[in-house]
Structure formats: structure tokens, C-alpha cells
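Model, not experiment: these values are computed from the prediction. All values below come from the heavy atoms of this structure, side chains included, with hydrogens, waters and symmetry mates left out.
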Amino acid sequence: VTTRVFSDRAIYKPEDAIFELYGNVRVNTANNRHLESEYLEWQQNLNEISTSQFVIITTPSDSLAGTGFEGKTDLSRYTIKEPKGRVVID
């Protein structure tokens with residue numbers, strides 16, 4: 001699975017294998033899932049991303065938003081700590 005990340009600025013901490021991404025952060029996955037935030041931390045060794053800030057996640061069937069996020073880089077599994085939004089259930 002390919003995931004692409006875009007941001008205005010990034011800092012890499014090699015001792016911890018962590019990227020800190022700042023400003024207009026966007027995550028786009030190969031399976032058409034998207035995340036938007038102003039800050040994101042990517043733990044490269046664990047293949048996980050997180051933020052304490054506001055996020056918007058868009059999938060082909062759902063749109064969720066909230067504050068606080070933890071999940072896999074491909075957005076296959078994630079938790080929004082204070083969610084808001086709508087979910088379509090078939």
C-alpha cells in the first residue's frame with residue numbers, strides 16, 4: 001500500500017525515527033482515504049501516525065472529523081478521540 005504525505009514543513013528526528021509534519025498536512029492513501037490536519041507525527045518504525053489536533057478523514061463512504069487521532073499510515077485502522085461527523089452504514 002502506498003501512502004503519500006504532504007505538508008508545509010517537516011522535521012525528522014533520526015534518533016527516534018519520527019517525522020513531525022506542520023501546516024496543511026495531507027495524507028493520501030492508495031485506497032482513496034484522506035486525512036487533513038495542521039500537525040501530524042509519523043512514527044516510522046511503527047508505521048503509525050498521530051496528532052492531538054483537529055483532523056478530517058475522508059473515505060469513499062464516510063467523512064469524519066474530530067480532535068486527537070492515532071492510526072496506521074494507510075488509514076486502515078484509526079481512532080479519533082473526540083469524533084464528530086457522519087457515517088454511512090450499508
Side-chain angles (χ1 to χ4, degrees):
V1 175
T2 301
T3 299
R4 294 179 185 227
V5 179
F6 304 91
S7 68
D8 291 341
R9 186 169 59 109
I11 296 173
Y12 182 61
K13 298 178 178 180
E15 65 278 1
D16 300 318
I18 291 175
F19 281 94
E20 289 189 28
L21 305 155
Y22 298 90
N24 297 309
V25 179
R26 292 173 294 136
V27 176
N28 299 325
T29 70
N31 56 357
N32 206 25
R33 296 171 187 234
H34 310 281
L35 178 145
E36 297 175 40
S37 186
E38 285 302 310
Y39 172 80
L40 195 67
E41 183 177 285
W42 171 27
Q43 296 181 31
Q44 192 174 17
N45 291 340
L46 300 176
N47 207 26
E48 293 179 350
I49 53 179
S50 63
T51 184
S52 60
Q53 296 191 13
F54 184 77
V55 296
I56 299 171
I57 296 176
T58 307
T59 70
S61 62
D62 303 325
S63 177
L64 298 168
T67 303
F69 169 90
E70 294 177 351
K72 294 302 210 178
T73 55
D74 65 359
L75 301 176
S76 60
R77 276 194 286 154
Y78 56 83
T79 300
I80 297 177
K81 296 181 180 179
E82 296 178 32
K84 296 178 183 175
R86 63 180 174 82
V87 177
V88 176
I89 300 173
D90 291 331

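- With hydrophobic clusters built from ILVMFWY side chains whose heavy atoms lie under 4.5 angstrom apart, Val55 shares a cluster with Val5.
- Evaluation of the salt bridge (charged side-chain N to carboxylate O under 4.0 Å, His left out) rule for Glu70 yields Lys81 as partners, not counting sequence neighbours.
- Applying the salt bridge (charged side-chain N to carboxylate O under 4.0 Å, His left out) rule to pairs touching residues 43-52 yields Glu48-Lys72, sequence neighbours excluded.
- In this structure, Tyr78 and Ile49 have side chains that are not in contact, with every pair of non-hydrogen atoms separated by 4.5 Å or more.
- Take Gln53 and apply the side chain to side chain donor-acceptor pair (under 3.5 Å) test, not counting sequence neighbours, and it matches no residue.
- Under the side-chain contact (heavy atoms from CB on, under 4.5 Å) rule, Ser37 has a single partner from Thr67, Leu21, Thr51, Val27, which is Thr51.
- Residue pairs that meet the salt bridge (charged side-chain N to carboxylate O under 4.0 Å, His left out) test with at least one member in residues 9-34, sequence neighbours left out, are Lys13-Glu20.
- Asn24 contributes atom CG, which lies 4.5 Å from atom CG of Asp8 (distance to the nearest 0.5 angstrom).
- Taken to the nearest 0.5 Å, the OG atom of Ser76 stands 8.0 Å off from the CG atom of Asn31.
- A distance of 11.5 Å separates CD1 of Ile56 from NZ of Lys84, quoted to the nearest 0.5 Å.
- Atom CG of Leu35 and atom OG1 of Thr73 lie 11.5 Å apart (nearest 0.5 Å).
- In this structure, Tyr39 OH and Ser50 OG are separated by 7.0 Å, a value rounded to the nearest 0.5 Å.
- Every residue two or more places apart in sequence or in another chain was checked for a side chain to side chain donor-acceptor pair (under 3.5 Å) with Asn45, and none qualifies.
- Taking CD1 from Ile57 and CD1 from Ile80, the interatomic distance works out to 4.0 Å, rounded to the nearest 0.5 Å.
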CA sep, side-chain torsions, deciding dist, call: Leu64, Phe69, side-chain contact (heavy atoms from CB on, under 4.5 Å): CA-CA 11 Å; Leu64 298 168; Phe69 169 90; over 6 Å; no

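- With sequence neighbours excluded, the residues satisfying ring pair (Phe, Tyr, Trp, His ring centres under 6.0 Å) with Phe19 are Tyr12, Trp42.
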